[in-house]
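Notes follow once the structure below has been shown.
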Amino acid sequence: MTRAVVLDGAAVEAAVSPQRAVEAVREAFVAHARGEWSMPPKVYVTNYPAGDFRAMPALGGGYALLKWITSFPGNPAQGLPTVTGLVLVSDASNGRLRAVLNAASVTALRTGAAAVLAAEVLGRADASSASVIGVGVNGRAAARTFLARGRAVSLWDADPGRAARVAAELGATAAASLDDALAADLVVTVTPGHDVLFTAGTLRPGQHVSLMGADGPGKAEATDGELVRARLFCDDWEQASHGGELAHAVESGVVGPEDVTAIGDVLAGTAQGRTSADEITLFDSTGLAIQDLAIALAALDAVADVELPLLEL
Ligand SMILES: NC(=O)c1ccc[n+]([C@@H]2O[C@H](COP(=O)([O-])OP(=O)(O)OC[C@H]3O[C@@H](n4cnc5c(N)ncnc54)[C@H](O)[C@@H]3O)[C@@H](O)[C@H]2O)c1
């Protein structure tokens with residue numbers, strides 16, 4: 001019989017703090033860069049314009065993972081979350097299913113962690129202001145991670161009431177305007193990617209931006225013209241060049257693989273990050289299964305002695 005522990009959203013959040021998530025995601029990026037953790041390409045099963053399903057496998061640390069997760073941007077209007085799904089974790093030595101986790105919680109933790117980690121690694125050492133634009137499920141996680149890392153953050157959302165609510169709940173501030181939020185030293189964008197935020201000339205010298213929202217075809221948070229003003233970083237070239245913020249610029253030939261550095265290589269010390277205080281750095285995140293594996297393993301480690309519901313099949 002298959003017997004697996006079940007971690008719902010609250011159990012995942014209780015098990016893994018944003019601080020722990022940053023360390024786990026850092027280790028995963030490095031293990032992937034060194035070839036120790038592997039990740040076949042994510043598969044999109046599309047049902048546009050309603051949304052899409054993604055199957056995301058990974059192997060590392062003695063475990064195999066599959067995340068089956070959705071992105072349905074119109075869901076909030078019907079009172080439903082944009083992102084839902086499951087994470088399955090199996091023992092890589094014998095294939096037995098060990099755990100089932102709430103994928104939205106794992107995703108939020110690892111997305112917030114990647115956004116803030118990139119800002120810390122690529123941002124200027126003297127960066128003094130941070131903002132998050134788009135504070136739904138995953139933007140809220142990024143804001144929570146900034147705060148857990150001891151950094152004040154201001155929030156902007158197309159829905160001002162939401163920005164104010166999330167700010168009050170987390171102990172952040174609501175930005176006075178979109179322009180103020182766009183001008184921070186460290187900016188994290190987590191919008192659905194329908195509206196370009198960084199239009200011509202808006203990126204400022206020395207700024208770092210983690211572009212998290214455009215993680216699928218046809219989405220963008222910055223124009224191609226702004227992308228080429230910056231040093232470009234991504235989580236994974238394969239994913240970023242096909243379905244990320246960079247995809248359009250890659251398709252039209254203005255950005256090639258030689259222009260983009262994987263953040264794992266920077267973290268592993270084999271590639272250079274920021275090279276000057278004036279440089280603009282952009283991190284294109286598409287979201288990696290190895291990040292999910294890192295969070296899932298951190299959660300399983302933390303609940304080793306906790307009695308959890310069991311799935312018996
Ligand atoms: N890179 C990654 O790893 C990763 C992970 C998870 C989700 N995502 C992507 O991030 C995006 C947001 O996901 P979510 O689950 O947080 O969605 P969500 O619906 O919970 O939140 C989106 C928020 O963005 C706000 N918004 C919409 N347009 C805006 C605009 N022009 N300016 C400012 N705010 C705006 C909405 O009001 C909402 O609060 C989606 O595109 C999703 O696919 C990326």
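Position 1 is the first residue of the sequence, and the numbers go up from there. Order of appearance sets the numbers: ligands from 1, and atoms from 1 within every ligand.
- Counting heavy atoms closer than 4.0 Å to ligand 1, residue V137 contributes atoms from both its backbone and its side chain.
- Both V6 and L313 are assigned to one and the same hydrophobic cluster, defined by single-linkage of ILVMFWY side chains at heavy-atom distances under 4.5 Å.
- Using a 4.0 Å cut-off between charged side-chain N and carboxylate O, R54 and D215 make a salt bridge.
- Side chains of S93 and D91: a donor-acceptor N/O pair is present below 3.5 angstrom, by distance only.
- Follow the hydrophobic side-chain contacts under 4.5 Å out from L311 and you never reach L101; the two are in separate clusters.
- Within the 4.0 Å heavy-atom cutoff, G193 does not count among the residues contacting ligand 1.
- Taken to the nearest 0.5 Å, the OG1 atom of T111 stands 10.0 Å off from the CG atom of D235.
- Ring centers of F72 and F53: under 6.0 Å apart, within the cut-off.
- For ligand 1, the atoms sitting less than 4.0 Å from at least one non-hydrogen atom of P76 are 19 (O), numbered in the order shown with element in parentheses.
- Under 4.0 angstrom from ligand 1, the non-hydrogen atoms of D215 all belong to its side chain.
- The protein heavy-atom contact nearest to atom 21 (O) of ligand 1 is G136 CA, 3.2 Å.
- Looking at atom 37 (O) of ligand 1, its nearest protein heavy atom turns out to be D157 OD1, 2.5 Å.
- The N/O atoms of I133, backbone and side chain alike, include none that comes under 3.5 Å of an N/O atom in ligand 1.
- Between R229 and E226 there is a salt bridge, since a side-chain N of the basic residue sits under 4.0 Å from a carboxylate O of the acidic one.
- Nearest protein heavy-atom neighbour of atom 12 (C) of ligand 1: V190 O, 3.4 Å.
- Atoms of ligand 1 lying under 4.0 Å from any heavy atom of D195, numbered from 1 in the order shown and given with element: 31 (N).
- Atom numbering of ligand 1 starts at 1 in the shown order; those under 4.0 Å from a heavy atom of S285 are 1 (N), 2 (C), 3 (O).
- The protein heavy-atom contact nearest to atom 5 (C) of ligand 1 is T111 OG1, 3.1 Å.
- Closest heavy-atom approach to atom 29 (C) of ligand 1 within the set A158, P160, S210: this belongs to A158.
- Looking at R162, R144, R140 one by one, the single match for salt bridge (charged side-chain N to carboxylate O under 4.0 Å, His left out) with E169 turns out to be R140.
- Side-chain contact of D185 with H208: a donor-acceptor pair under 3.5 Å is absent, judged by distance alone.
- Here S71 has side-chain heavy atoms under 4.0 Å from ligand 1, and that is the only part of it that gets that close.
- Remark: minimum distance from atom 27 (C) of ligand 1 to any protein heavy atom is reached at P192 CD, 3.2 Å.
- At a heavy-atom cutoff of 4.0 Å, ligand 1 is contacted by the side chain of V83 but not by its backbone.
- To the nearest 0.5 angstrom, L117 atom CG is 13.0 Å from R110 atom CZ.
- For T107, every heavy-atom contact with ligand 1 shorter than 4.0 Å involves the side chain, none the backbone.
- Considering T82, D284, N138 only, the shortest heavy-atom separation from atom 15 (O) of ligand 1 involves N138.
- Among protein heavy atoms, atom 11 (C) of ligand 1 sits closest to T191 O, 3.3 Å.
- Looking at R54, R110, R162, it is R162 that brings a heavy atom closest to atom 38 (C) of ligand 1.
- When non-hydrogen atoms are compared, ligand 1 lies under 4.0 Å from the side chain of K219 (C-beta onward) but not from its backbone.
- Residues T107 and K67 have side chains that bring a donor and an acceptor to within less than 3.5 angstrom of each other.
- At the shortest separation from atom 10 (O) of ligand 1 among protein heavy atoms lies G213 CA, 3.5 Å.
- Judged purely by distance below 3.5 Å, without hydrogens or angles, the side chains of T173 and S154 never pair a donor atom with an acceptor atom.
- Ion pairing between E279 and R274 fails under the 4.0 Å rule for side-chain N and carboxylate O.
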